[in-house]
Protein chains: 2
Amino acid sequence: MKNLPHKTIERLSQYRRALLLCHAKGMTYIYSHEIAKIQHITAVQVRRDIMLIGYTGTLRKGYNVKELIDLIGQIIDSKEGINVCIVGIGNLGRAITNYFSGKRTKLSIVAVFDVDKGKVGKKYYGIECFDIADLTKVIKEKKIEIAIMTVPGEDAPMISDILVKAGIIGMLNYTPKPVNVPKEVYLEEYDMITSLEKVAFFVKTH
Amino acid sequence: MKNLPHKTIERLSQYRRALLLCHAKGMTYIYSHEIAKIQHITAVQVRRDIMLIGYTGTLRKGYNVKELIDLIGQIIDSKEGINVCIVGIGNLGRAITNYFSGKRTKLSIVAVFDVDKGKVGKKYYGIECFDIADLTKVIKEKKIEIAIMTVPGEDAPMISDILVKAGIIGMLNYTPKPVNVPKEVYLEEYDMITSLEKVAFFVKTH
DNA sequence: AGGAAAATGTTAATTATTTCACAATGTTAA
DNA sequence: TTAACATTGTGAAATAATTAACATTTTCCT
Ligand SMILES: NC(=O)c1ccc[n+]([C@@H]2O[C@H](COP(=O)([O-])OP(=O)(O)OC[C@H]3O[C@@H](n4cnc5c(N)ncnc54)[C@H](O)[C@@H]3O)[C@@H](O)[C@H]2O)c1
Ligand SMILES: NC(=O)c1ccc[n+]([C@@H]2O[C@H](COP(=O)([O-])OP(=O)(O)OC[C@H]3O[C@@H](n4cnc5c(N)ncnc54)[C@H](O)[C@@H]3O)[C@@H](O)[C@H]2O)c1
């Protein structure tokens, strides 16, 4: 069970998001091809992923929405919950903080950091903004394990080093500057320009 | 050449971003292992990608930075340039607009749209904000081919349909609501929660 | 001049991921 | 009751992506 494919993990997260919406709408069962339609993938892929996590649907009725949501939670959430921080509360940092606020109970943003004295002490979507100078202290106090970097690119490597020293074990880097972390730290980087250039490329080639 | 792997296209975009920084710093040559280090991948992977686009480096000197930048441009940029719009100029829309402004010459954001009358008519990072009611008209007038959606999730399907009808051929959906487009339209969706949950999962399993 | 070192380019092997194909089985309707 | 149908679950095949292995070439050192 530990060696679920990376792609499967990503899709499980997406399935859950879709399932939560279905659940809110009062659906109790869902077919693999319905999930597939929402995610723009094939029904076989959905069934394979669900098979991999050991869940079994009902023939001709499909999957129980609530049960599947809970099982995905057992697989991808950590039991105790994980504390997350945002570093750099500009446009992007605020978009993310707002997007997360009150969403996942197992992943909570518990602090945001900024260098701007005008922002320090204020609250953003209910989360207190701390001085970047107190990064290490606050990370330790609040037991923060994952950091999301949304500072200007030129500051990213320096901040990344501080985060690693402070004991972060996972990092999501949204700055355009790739950073280096020791191999114990799980790093994910994402760049919208890459996505857009990919769209542009495949648009060209039909 | 047309059938470059999807992953290679993504990496080429990233290589170019890194190479542009190197070029700005005055580097004229770069080794595959140096590019690899920046992107956290292997040198073989870099050489393979470069081989696929038909470029050849110099033994013991590596790749000519400028030439490689230009060649990647020839591969992934469209010759004429592509016009892009942002729909929904909230925190995320502004972050993206700012990030793109003045970056790529071949992909230009030429309009942003919003429903908020207080925003319509204003300029954001030099780009005029139009009324969402004029979406179709402006898309046609400005020959916009790609749209980036950053509206609230519940409006995404409706806006997506309008965009498709208006003639968009590529779409980047950042709302949490998956949308359906005809197969002629190239769609890319991205969700930060998925990325964060992936980080959280792999952090757990070392 | 000759050998060691360091780099590229590429075929082949390996690994990861997706898809095919179909058995099994519950459901519906005649 | 039975046949047609729709759906899940999964082994096997196919496809996609990465990595290993190494021949080749240039540079540098002695
Ligand atoms: N990955 C992507 O797709 C993507 C998209 C948009 C923006 N970005 C990047 O994300 C980052 C943030 O973008 P934005 O639009 O929010 O920019 P912004 O300027 O609005 O916000 C940056 C924030 O970081 C703060 N800051 C600056 N230096 C700091 C430091 N040393 N420590 C802590 N805080 C500091 C600033 O005070 C500001 O609040 C930029 O690097 C931008 O290039 C990435
Ligand atoms: N994919 C991700 O990772 C990610 C991350 C953060 C936010 N989001 C999503 O991105 C979207 C925007 O986030 P945000 O923080 O910028 O929100 P926001 O509320 O700051 O901005 C939304 C903007 O859209 C405008 N708008 C509303 N309805 C509209 C309509 N019908 N037509 C045109 N414009 C309209 C609003 O006036 C506002 O300016 C939300 O759906 C949010 O959930 C996604």
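Sequence lines set the chain letters: A, B, ... in the order given, protein chains first and strands last, and positions in each chain run from 1. These numbers come from a predicted model, not from an experiment.
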Hey, are the side chains of B/Met149 and B/Tyr174 touching, using non-hydrogen atoms and a 4.5 Å cut-off?
no

Measure the distance from CG on A/Leu52 to C1' on D/dT10 and round it to the nearest whole Å.
10 Å

A/Arg17 meets the salt bridge (charged side-chain N to carboxylate O under 4.0 Å, His left out) criterion, sequence neighbours left out, with B/Asp191

Write down the protein N/O and nucleotide N/O pairs, taken from nucleotides 12-17 of chain D, whose separation is under 3.5 Å; answer none if there are no such pairs.
none

Hey, are the side chains of B/Gln39 and B/Gln45 touching, using non-hydrogen atoms and a 4.5 Å cut-off?
no

In whole angstrom, give the distance that lies between atom CG of A/Asp49 and atom P of C/dT17.
11 Å

Which of these nucleotides, C/dT19, D/dT8, D/dT19, is closest to any side-chain atom of B/Thr42?
D/dT19

State, yes or no, whether a side-chain contact exists between B/Val185 and B/Leu163 at a heavy-atom distance under 4.5 Å.
no

Can you check the B/Ile53 CD1 to C/dT8 P distance for me, whole Å?
14 Å

Check whether any side-chain heavy atom of B/Asn64 sits under 4.5 Å from a side-chain heavy atom of B/Leu68, and report yes or no.
no

Which word best sums up how the rings of B/Phe130 and B/Phe113 line up, parallel for under 30°, tilted for 30 to 60°, or perpendicular for over 60°?
tilted

Close side-chain approach of B/Ile38 and B/Gln14, heavy atoms under 4.5 Å
no

Footprint string (nucleotides 25-30 of chain C, 5' to 3'): B base within contact, S backbone only, - free, heavy atoms under 4.0 Å
BBS---

If we ignore angles and hydrogens, is there a donor and acceptor under 3.5 Å between the side chains of A/Tyr63 and A/Thr56?
no

Angle separating the five-pair end axes of the helix from C/dA1-D/dT30 to C/dA30-D/dT1, nearest 10°, is 0°

Could you state the CG-P distance from B/Asn64 to C/dA7, rounded to the nearest angstrom?
17 Å

How many Å lie between CD1 on A/Ile41 and C1' on C/dT17, as a whole number?
12 Å

With sequence neighbours left out, write down each residue that passes salt bridge (charged side-chain N to carboxylate O under 4.0 Å, His left out) with A/Glu10, or none if nothing qualifies.
B/Lys198

Output yes when A/Asp161 and A/Lys165 qualify as a salt bridge under the 4.0 Å nitrogen-oxygen rule, no when they do not.
no

Nucleic acid contacts of residues 28-37 of chain B, taken as heavy-atom distances under 4.0 Å to DNA chain C
B/Tyr31, B/Ser32, B/His33

Measuring only between side-chain heavy atoms, which start at C-beta, is A/Pro5 closer than 4.5 Å to A/Leu52?
yes

A/Asp77 side chain near B/Phe201 side chain, heavy-atom distance below 4.5 Å:
no

If you look at every strand shown and take non-hydrogen atoms under 4.0 Å, does A/Thr56 touch a base, only sugar-phosphate, or nothing?
sugar-phosphate

Output yes when A/Glu80 and A/Lys106 qualify as a salt bridge under the 4.0 Å nitrogen-oxygen rule, no when they do not.
no

Flag side-chain contact, heavy atom, 4.5 Å: A/Ile76 against A/Ser13:
yes

Quick one: A/Arg47 CZ to C/dA23 C1', roughly how many Å, whole number?
12 Å

A/Asn3 CG to C/dT17 P: how many Å, rounded?
11 Å

